[in-house]
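Data first, discussion second: the structure below is written as C-alpha cells.
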Amino acid sequence: PDHHGKVRIDEIRFHDELGKNTHFEFAADNTELRVYNLSSVGPRGVLRGTFGLVAGEGSWDVELDAAMQASETDKTLAPDYLDTDWIWQRGHVRMAGSGSHWQELLASLTGDIDLSGYHSGQVKTPVSITATMDEMTGDFALEQLEIQLGNGSITGEIRLSGRERPRLTT
C-alpha cells in the first residue's frame with residue numbers, strides 16, 4: 001500500500017453510542033484498505049481489532065478480527081441491546097469472505113464466533129457460545145455451534161437458506 005498512517009480520535013458519537021480514546025493504524029492504496037491495532041473504549045468495555053478490504057478482479061475480499069472485553073465484571077457489554085439478566089463479558093469474531101456483490105460476500109463468510117459471560121439469576125451461571133461460520137453458496141450457517149450453560153451444553157448447527165421460500169434449519 002502507498003499510504004500509511006495513524007489516527008487518534010478522542011471522542012466518537014454515533015446516535016446514543018460514545019467511543020473514547022479511539023486509535024488505529026492504516027495502510028491504503030487504490031485497491032486495498034487495512035486497519036490494524038484498532039482500539040476504542042466504550043461505556044462498558046474495550047473493542048480491539050483489525051480489518052482488511054481488498055478489491056480484486058471483479059470481487060471484494062474482506063477480513064475482520066475483532067474482540068470486545070467488558071471493563072467491569074458485573075456489567076454487560078451492550079445493556080441497551082441485550083436482556084440485562086445475560087451479562088456478556090467477552091466476545092471475539094474472526095471472519096473472511098469474498099464476492100462481487102454484498103449477497104455473495106455475505107454468503108461466502110467463514111470464521112469463528114465466541115461469546116461468554118453469565119446469566120444473573122439466583123446464582124451467576126456461566127454461559128458461552130461458540131460457532132464456526134460455514135461457506136455454503138446461498139446459505140448462512142453457524143456450524144459446530146456449542147452453547148454451554150452452567151454444567152449443561154447444547155450442540156448443533158443453524159442454517160438460513162432459500163430465496164423463494166426462506167428456511168431456518170436447526
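Note that these values count all heavy atoms, side chains included, but never hydrogens, waters or copies made by symmetry. As the structure is a computational prediction, the values presented were derived from the model and not from experiment.
Heavy-atom neighbours of Asn151 CG from other residues, nucleotides or ligands within 6.0 Å: at or below the threshold of 12. Other residues, nucleotides and ligands contribute over 12 non-hydrogen atoms within 6.0 Å of the CZ atom of Arg8.
The minimum heavy-atom distance between Ser71 and Pro43, with the atom names listed, is OG-O, 4.5 Å. Looking at every heavy atom in both residues, Ser100 comes nearest to Gly58 through CB-O, 3.0 Å. Of all the heavy atoms in Gly91 and Leu115, the pair that sits closest is CA-CD1, 4.1 Å. The two residues Ser120 and Ile87 have their closest heavy-atom pair at CB-CG1, 4.1 Å.
Expressed to the nearest 0.5 Å, how far CG of Asn21 lies from CD of Glu11 amounts to 11.5 Å. To the nearest 0.5 Å, atoms CG (Leu149) and CD1 (Ile154) are separated by 7.5 Å. Taken to the nearest 0.5 Å, the CD atom of Glu32 stands 9.0 Å off from the CG atom of Leu53. A distance of 8.5 Å separates OG1 in Thr132 from CG in Leu142, rounded to the nearest 0.5 Å. Interatomic distance, OG1 of Thr22 versus CG of Asp10, reported as 9.0 Å (0.5 Å rounding).
Between the side chains of Ser116 and Ser128, not a single donor N or O lies within less than 3.5 Å of an accepting N or O.
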*Given side-chain contact (heavy atoms from CB on, under 4.5 Å), test Val62 with Leu64 step by step and report yes or no.*
CA-CA 7 Å; Val62 66; Leu64 172 72; 5.6 Å; no
*asked:* Working note: Gln144 + Glu146, criterion side-chain hydrogen bond (donor to acceptor under 3.5 Å, both in side chains); need CA distance, chi angles, decisive distance, verdict.
replied: CA-CA 6 Å; Gln144 301 172 28; Glu146 182 173 11; over 6 Å; no
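Side-chain atoms of Ser59 do not come within 3.5 Å of backbone N or O of Gly56 as any donor-acceptor pair. A donor-acceptor pair is defined here as one N or O able to donate and one able to accept, closer than 3.5 Å; such a pair exists between the side chain of Ser108 and the backbone of Ser98.
A heavy-atom distance below 4.5 Å is found between the side chains of His92 and Asp65. Looking at Val46 and Ser39, their side chains come closer than 4.5 Å, going by heavy atoms from C-beta outward. The shortest distance between side-chain heavy atoms of Val127 and Trp88 falls below 4.5 Å. Side-chain contact check for Ile113 versus Met133: some heavy-atom pair is nearer than 4.5 Å. Within the 4.5 Å cutoff, no side-chain heavy atoms of Thr50 are placed close to those of Leu38. Between His119 and Lys124 there is no side-chain heavy-atom pair separated by less than 4.5 Å. Looking only at side-chain heavy atoms (C-beta outward), Glu63 and Met95 stay at 4.5 Å or farther from each other. At a threshold of 4.5 Å between non-hydrogen side-chain atoms, the residues Thr125 and Tyr118 do not count as touching.
Residues Trp86 and Val93 fall within the same hydrophobic cluster, defined by Ile, Leu, Val, Met, Phe, Trp and Tyr side chains chained together at heavy-atom separations under 4.5 Å. Both Ile158 and Ile129 are members of a single hydrophobic cluster when ILVMFWY side chains are connected at heavy-atom separations under 4.5 Å. Using a 4.5 Å cut-off between side-chain heavy atoms of Ile, Leu, Val, Met, Phe, Trp and Tyr, with links allowed through other members, Ile12 and Val35 fall into the same hydrophobic cluster. Taken together through direct or relayed side-chain contacts under 4.5 Å among Ile, Leu, Val, Met, Phe, Trp and Tyr, Val54 and Phe26 form parts of separate hydrophobic clusters. When hydrophobic clusters are built by joining Ile, Leu, Val, Met, Phe, Trp and Tyr residues whose side-chain heavy atoms come closer than 4.5 Å, directly or via intermediates, Ile9 is not grouped with Tyr36.
Residue pairs meeting the salt bridge (Lys or Arg N to Asp or Glu O under 4.0 Å) criterion with at least one partner in residues 86-114, sequence neighbours excluded, are Arg90-Asp114, Arg94-Asp112. Within the structure, salt bridge (Lys or Arg N to Asp or Glu O under 4.0 Å) contacts touching residues 45-58 (residues at least two apart or in different chains) do not occur.
With salt bridges taken as basic N to acidic carboxylate O contacts below 4.0 Å, none links Glu25 and Arg34.
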